[in-house]
Amino acid sequence: MPKVLGSLSSATIHARNRYELCYRTQFMKQFLLIIFLLLSTFVNSQTVRKFTRALKEKYPQKESFTADGIWIYYPHSVPEELDFPVLKRLKPSWTFYKVSLTNHLDSHILESECVVFFDASSKELILNEPIWFGGLCRDFYKKFIGIKVKKNELQQFADEFEQILLFGSDEFVDSKIVNASEITYNLVRVKSNGIYRIIQISFDSQSIIEIKDQAAPTLEVIDVIK
């Protein structure tokens, strides 16, 4: 009988040790997760601060100016980071923000949501003006030339690019063609009027080589970025 009791006591100790080990392991996992989240939050907040500072410097408030189509950033607009997983994987240092900027053109004042490209490593900032303002922003879309997109990521990339393309406008994509050689967006303002503009991304060996803006239905080339 004492031998049986001793055996039970050993089993109990073993079970307790296993429980404590599992508890410690689980605790460490949760602790490391919290540390990771805190570090991520800190890094993101630092990046947002850098971005906001760069935004204020490039599009500052002015007491007086000649209104010739300039954009101004007013601090009441809080930047919001956009989630583009494929672009983030392709270009880890790139971040895209949604932010409201105000355009002044003579007596016309219009606030519009815009996408702004920011590279925290170089502090480069490029505004993507809404497509209604002046078509494709060459400096902004030039950044996409040379990007290599894997075949299995083409559809998601096309969806992310579409969001960027239409930001701040009331236009929409009526139809979209996605294949290994090109992505084509057929843009519409009023459904009953049909397609008025075609944006085409061309690929060579999975790399973007050209972004073309064409008028429909004539297919007159408005702009080519390469």
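Model, not experiment: these values are computed from the prediction.
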Exercise. Establish whether Leu110 and Trp71 are linked, either directly or via other cluster members, by ILVMFWY side-chain heavy-atom contacts under 4.5 Å.
Key: yes

Practice problem: May I ask you to say whether Lys143 pairs ionically with Asp119, meaning some side-chain N is under 4.0 Å from a carboxylate O? | Solution: no

Quiz item: Do Val188 and Leu165 share a hydrophobic cluster (ILVMFWY, side-chain heavy atoms under 4.5 Å, transitive)?
Solution: no

Exercise. Only counting residues at least two apart or in another chain, list the ones meeting salt bridge (charged side-chain N to carboxylate O under 4.0 Å, His left out) with Arg53.
Key: none

Practice problem: Could you tell me which non-hydrogen atom of Ser100 sits nearest to which non-hydrogen atom of Ser77, and how far apart they are? | Solution: N-OG, 3.0 Å

Quiz prompt | Ile131-Leu82 co-clustered via ILVMFWY side chain contacts under 4.5 Å | solution = yes

Quiz prompt | Side chain proximity check, Tyr185 to Ile198, heavy atoms < 4.5 angstrom | solution = no

Quiz item: Between Phe96 and Phe167, is the gap from one ring center to the other below 6.0 Å?
Solution: no

Self-check item: Side-chain heavy-atom pair Ile126, Asn128 within 4.5 angstrom cut-off
Solution: no

Practice problem: Have a look at Val173 and tell me which of Ile195, Leu166, Ile199 forms a side chain to side chain contact (heavy atoms under 4.5 Å, CB included) with it. | Solution: Leu166

Quiz item: Going by heavy atoms in the side chains, are Val116 and Phe51 under 4.5 Å from each other?
Solution: yes

Quiz item: Lys88 side chain to Trp94 main-chain N or O, any donor-acceptor pair under 3.5 Å?
Solution: yes

Quiz item: At what distance, to the nearest 0.5 angstrom, does CG of Asn186 lie from OG of Ser175?
Solution: 3.5 Å

Exercise. Dump the intermediate steps for salt bridge (charged side-chain N to carboxylate O under 4.0 Å, His left out) on Asp223 and Arg138, then the final yes or no.
Key: CA-CA 9 Å; Asp223 197 5; Arg138 294 186 63 83; 2.6 Å; yes

Quiz item: Which atom names give the shortest non-hydrogen contact between Ile225 and Cys137, and what distance separates them?
Solution: CD1-O, 4.5 Å

Quiz item: Got a donor-acceptor contact below 3.5 angstrom from the Arg89 side chain to the Phe84 backbone?
Solution: no

Quiz item: Checking side chain to side chain contact (heavy atoms under 4.5 Å, CB included) for the pair Ile183/Glu162: CA distance, chi angles, key distance, verdict?
Solution: CA-CA 10 Å; Ile183 299 174; Glu162 180 181 336; over 6 Å; no

Quiz item: Counting heavy atoms not belonging to Lys56, are there more than 12 under 6.0 Å from its NZ?
Solution: no

Self-check item: ILVMFWY network linking Ile164 to Ile201, side-chain heavy atoms under 4.5 angstrom
Solution: yes

Quiz prompt | With Asp159 via salt bridge (charged side-chain N to carboxylate O under 4.0 Å, His left out) - residues at least two apart | solution = Lys176

Exercise. Can you measure from CZ (Phe118) to CD (Glu81) and round to the nearest 0.5 angstrom?
Key: 11.0 Å

Quiz item: Can you check side chain to side chain contact (heavy atoms under 4.5 Å, CB included) on Phe144 and Val149, steps first, answer last?
Solution: CA-CA 11 Å; Phe144 289 84; Val149 185; over 6 Å; no

Self-check item: Heavy-atom check, side chain of Glu113 versus side chain of Leu101, under 4.5 Å
Solution: no

Practice problem: Provide the full list of side chain to side chain donor-acceptor pair (under 3.5 Å) pairs with a residue in residues 209-219, sequence neighbours left out, each pair given once. | Solution: Arg197-Asp213, Glu210-Lys226

Quiz item: Between the side chain of Asp204 and the main-chain N/O of Ser207, is any donor-acceptor distance below 3.5 Å?
Solution: no

Practice problem: Could you give me the CA-CA distance, side-chain angles and deciding distance for Leu127 and Phe140, then say whether side chain to side chain contact (heavy atoms under 4.5 Å, CB included) is met? | Solution: CA-CA 7 Å; Leu127 167 65; Phe140 182 90; over 6 Å; no

Self-check item: Results of salt bridge (charged side-chain N to carboxylate O under 4.0 Å, His left out) for Glu57 - residues two or more places apart only
Solution: none

Quiz item: Can you find a heavy atom in the side chain of Ile70 that is under 4.5 Å from one in the side chain of Asn103?
Solution: no

Quiz item: Between Ser169 and Glu171, is any side-chain donor less than 3.5 angstrom from a side-chain acceptor?
Solution: no

Practice problem: Say whether Ile208 and Leu136 are linked into one hydrophobic cluster, either directly or through other cluster members, by side-chain heavy-atom distances under 4.5 angstrom. | Solution: yes

Quiz item: Should the pair Phe161 and Tyr141 be assigned to parallel (<30°), tilted (30 to 60°) or perpendicular (>60°) ring geometry?
Solution: tilted

Quiz prompt | Verdict with supporting geometry, Leu55 and Leu125, side chain to side chain contact (heavy atoms under 4.5 Å, CB included) | solution = CA-CA 8 Å; Leu55 199 60; Leu125 182 149; 4.0 Å; yes

Quiz item: So do Phe117 and Thr95 actually touch side chain to side chain, heavy atoms under 4.5 Å?
Solution: no

Exercise. Kindly write out the residues that satisfy salt bridge (charged side-chain N to carboxylate O under 4.0 Å, His left out) with Glu80, not counting sequence neighbours, or none if the list is empty.
Key: Lys98

Quiz item: So how far is it from Tyr59 OH to Thr102 OG1, rounded to the nearest 0.5 Å?
Solution: 13.0 Å

Quiz item: What distance do Gln206 atom CD and Ser181 atom OG have between them, rounded to the nearest 0.5 Å?
Solution: 12.0 Å

Exercise. State, to 0.1 Å, how close Gly168 and Pro130 come at their nearest heavy-atom pair, and which atoms those are.
Key: O-CB, 3.9 Å

Practice problem: Look only at the side chain of Glu160 and the backbone of Val86, and say whether a donor-acceptor pair between them is shorter than 3.5 Å. | Solution: yes

Quiz item: Out of curiosity, Lys50 NZ to Lys123 NZ, how far, rounded to the nearest 0.5 Å?
Solution: 6.0 Å

Self-check item: ring pair (Phe, Tyr, Trp, His ring centres under 6.0 Å) partners of Tyr73, counting only residues at least two apart
Solution: none

Quiz item: If we only count heavy atoms from C-beta on, is the Val115 to Tyr97 side-chain gap below 4.5 Å?
Solution: no

